Amino acid sequence: MQLRHMGIIAPAISAREATPVLLPPRMGAGGDSEETVTTALPKPRPKTARPPMYKVLLLNDDFTPMEFVVLVLERFFHMPHARAVEVMLTVHRKGVAVVGVYTYEIAETKVAQVMEFARRHQHPLQCTMERE
Ligand code: TYC
């Protein structure tokens, strides 16, 4: 996995992101002038960086039984039954819905679990993820 591309490792500082600061005039031989020097220091950032988050999406199809989708939402997304029915109906009517937002690895695991569960039961249900 390329952590930098996933946004987990901060990119090297660039001039655009840096905060220009004025340094005092240089002293010493030939340096008594009023000249000031602008340089770039890293922008102060909070040390508690948040990881990039990923939406997990469930897609509609014409064949997967509604009860199966409700079961998926209860089992893998921990939704109470009434909420699972609502979300299933949203997917059924609109074609797609976000069913959860997670870090990369958790989202990847949810997608794999749903796809494997659907495959085992021979339903064409599709589950995908995208960066928030
Ligand atoms: N459209 C399906 C049906 O009428 C139900 C369904 C809902 C399928 C949500 C997939 O993600 C889905 N049986």
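For ligands, and for the atoms within them, numbers begin at 1 and follow the listed sequence. These numbers come from a predicted model, not from an experiment.
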Closest heavy-atom pair, Ala84 versus Leu73, reported as atoms and distance to 0.1 Å, is O-CD1, 3.4 Å
Please produce the table of protein N or O atoms sitting under 3.5 Å from N or O atoms belonging to ligand 1, one pair a line, distance to 0.1 Å.
| unit_1 | atom_1 | unit_2 | atom_2 | d |
| --- | --- | --- | --- | --- |
| ligand 1 | 1 (N) | Asn60 | OD1 | 2.8 |
| ligand 1 | 1 (N) | Asp61 | O | 2.7 |
| ligand 1 | 1 (N) | His92 | ND1 | 2.9 |
| ligand 1 | 4 (O) | His92 | ND1 | 3.4 |
| ligand 1 | 11 (O) | Leu59 | O | 2.8 |
| ligand 1 | 13 (N) | Thr64 | O | 2.9 |

Going by the angle between their ring planes, with limits at 30° and 60°, are Tyr102 and Phe77 parallel, tilted or perpendicular? tilted
Mutual orientation of the aromatic rings belonging to Tyr104 and Tyr54 [parallel < 30°, tilted 30-60°, perpendicular > 60°]: perpendicular
All pairs passing salt bridge (charged side-chain N to carboxylate O under 4.0 Å, His left out) where residues 74-85 contributes a residue, at least two apart: Arg83-Glu86
Running the 4.5 Å side-chain criterion over Ile, Leu, Val, Met, Phe, Trp and Tyr, what cluster does Val98 land in, apart from itself? Met53, Leu57, Leu59, Val96, Val101
Mind checking what makes ring-ring contact (aromatic ring centres under 6.0 Å, His included) contact with His81, not counting sequence neighbours? none
